[in-house]
Amino acid sequence: MPTLDLSRPRPDVTVITLNRPEKLNALSYELVEELHSAIDGIVADNECRVVVLTGAGRGFCSGLDLTAPNPPEAAGGTEFPRSGMRWQERIAELTTRLHRLRQPVIAAVNGPAYGGGFAIALAADIRIAAESARFCTQFIKLGLGGCDIGVSYTLPRIIGAGPAFDLILTARDVDAAEALRLGIVSRLSQDGSVLDDALAVAETLCGYGKFGLESTKQVLWANLDAGCLETALQVENRSQILASTSGEMAAASEAFRHRRL
């Protein structure tokens, strides 16, 4: 049975559903590889403009499947610790690949997002949570360091260093209401409605110009690491001038003029 489900509710939106509900969609070797394959397909898909990532059942993703923490399939014939490093890097690469997608990624967090599941949600561009969603870094509870799969980079940039240090060091659970207050998510949905709400946001994004939407994602991530305002402005300025040559600005202006008439 596939551990991942891909669907197209509209031609320009791809929904990726983690599909191990009996394990709260824990990251097995098969699921990680299917996620990589799905991302490969989206990279090459010029019709897809927005990606929605969610989980089947009552969970988003509970993190690494601890029944096989270092699966032999991931070792590539190597021995530990090299085999462990290969598997570690393969999981962690999911966050960078989501981050690098030209399409905006919306995480529809329908339930618990723990450990690696939390890290994957943090790699998305927009996060919407169901009222029953919960978040936890979890790693330090397992006898490991608290920083894993990108959380030491993404979480401080999303909510600030102080709150991020608290969540990572204590590994305490955060419910959906606190996640909204901290800025981990930007919206809350009623249980059962989070995917529909994420698709509504996707529809809004698909109403904007193709180049404009892609370049906006790229500039936002690039300028999180900008060293000063001047550097950020240079990136913005180049993007705006390039966007003005795509023809999308003229089409949008014409549509706006007709709405005003």
Side-chain angles (χ1 to χ4, degrees), residues 1-7 9 13-28 30-32 34-35 38-39 50-69 91 94-95 98 104-142 146 148-151 154-155 158-159 163-164 167-168 170-202:
M1 178 179 176
T3 60
L4 196 73
D5 179 66
L6 293 178
S7 61
V13 175
T14 299
V15 176
I16 302 175
T17 303
L18 310 181
N19 191 28
R20 299 186 74 209
E22 75 285 355
K23 294 275 191 177
L24 288 180
N25 304 312
L27 296 169
S28 64
E30 292 78 14
L31 178 52
V32 169
E34 286 191 40
L35 265 172
I39 293 170
V50 180
V51 176
V52 176
L53 179 63
T54 193
R58 63 185 182 86
F60 178 75
C61 178
S62 58
L64 178 65
D65 187 346
L66 295 178
T67 63
I91 300 170
L94 288 171
T95 60
L98 290 170
V105 179
I106 304 170
V109 184
N110 55 303
Y114 282 14
F118 188 19
I120 289 172
L122 291 173
D125 304 294
I126 297 173
R127 283 162 299 283
I128 304 173
E131 292 175 341
S132 62
R134 300 186 70 85
F135 302 85
C136 179
T137 56
Q138 186 163 266
F139 306 113
I140 204 167
K141 293 181 179 180
L142 306 176
D148 199 9
I149 316 182
V151 298
T154 54
L155 191 58
I158 291 168
I159 66 173
L167 298 190
I168 292 171
T170 66
R172 65 182 179 83
D173 286 7
V174 173
D175 63 20
E178 185 177 6
L180 179 64
R181 179 177 64 79
L182 288 172
I184 294 171
V185 301
S186 56
R187 310 181 190 205
L188 294 185
S189 297
Q190 293 182 347
D191 288 343
S193 299
V194 66
L195 179 56
D196 289 340
D197 291 344
L199 290 174
V201 175

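- A side-chain donor-acceptor contact under 3.5 Å links Asn110 to the backbone of Gly57.
- Thr154 places a side-chain N or O within 3.5 Å of a backbone atom of Gly150 that can act as its donor or acceptor partner.
- Listed for the Asp191 side chain is a donor-acceptor partner under 3.5 Å among the backbone atoms of Ser132.
- Looking only at side-chain heavy atoms (C-beta outward), Leu142 and Leu66 come within less than 4.5 Å of each other.
- Summarising the geometry of Pro112 relative to Gly59, their closest heavy-atom pair is CD-CA, 3.7 Å, with the distance given to 0.1 Å.
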Q) Leu4 and Thr17: side chain to side chain contact (heavy atoms under 4.5 Å, CB included), yes or no, with the steps? A) CA-CA 6 Å; Leu4 196 73; Thr17 303; over 6 Å; no
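- Under the side-chain contact (heavy atoms from CB on, under 4.5 Å) criterion, Arg187 pairs with Ile128, Val201, not counting sequence neighbours.
- A donor-acceptor contact under 3.5 angstrom links the side chains of Glu34 and Thr3, judged on distance only.
- A heavy-atom distance below 4.5 Å is not found between the side chains of Ile149 and Leu94.
- Between Val151 and Gly146, the shortest heavy-atom contact is CG2-O, 3.9 Å.
- Side-chain contact check for Pro104 versus Val51: every heavy-atom pair is 4.5 Å or farther apart.
- Side chains of Thr14 and Val50 form no contact here, defined as non-hydrogen atoms less than 4.5 Å apart.
- Tested against Arg20 for a side chain to side chain contact (heavy atoms under 4.5 Å, CB included), the candidates Cys61, Pro2, Ser28, Ser62 yield a single pass: Ser28.
- Residues Ala113 and Phe60 come closest through the heavy atom pair CB-CD2, 3.8 Å.
- Proximity of a side-chain donor or acceptor of Thr54 to a complementary backbone N or O of Ala108 within less than 3.5 Å is detected.
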Q: Determine, stepwise, if the pair Leu122 / Thr95 fulfils side chain to side chain contact (heavy atoms under 4.5 Å, CB included).
A: CA-CA 8 Å; Leu122 291 173; Thr95 60; over 6 Å; no
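- To the nearest 0.5 Å, atom CG of residue Leu180 and atom CD of residue Glu131 are 11.0 Å apart.
- Counted by atom type alone, Thr67 and Asp65 present one or more donor-acceptor pairs between their side chains at under 3.5 Å.
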Q: Please report the C-alpha distance between Leu182 and Leu167 in whole Å, then the side-chain angles of each, then the deciding distance to 0.1 Å, and finally whether the side chain to side chain contact (heavy atoms under 4.5 Å, CB included) criterion is met.
A: CA-CA 11 Å; Leu182 288 172; Leu167 298 190; 4.1 Å; yes
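- Judged by distance alone, the side chain of Asn19 and the main-chain N or O of Asp5 form no donor-acceptor pair under 3.5 Å.
- Of all non-hydrogen atoms in Ile140 and Ile168, the two that sit nearest each other are CG2-O, 4.2 Å.
- For Phe135, the ring-ring contact (aromatic ring centres under 6.0 Å, His included) partners are Phe118, not counting sequence neighbours.
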Q: Decide side chain to side chain contact (heavy atoms under 4.5 Å, CB included) for Arg172 and Glu178; before the verdict, give the C-alpha distance in whole Å, the side-chain angles of both, and the deciding distance to 0.1 Å.
A: CA-CA 12 Å; Arg172 65 182 179 83; Glu178 185 177 6; 2.8 Å; yes
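- Shortest non-hydrogen contact noted between Pro21 and Ala56 is CB-O, 3.9 Å.
- Contact detail for Val194 and Ala129: the closest heavy-atom pair is CG2-C, 4.0 Å.
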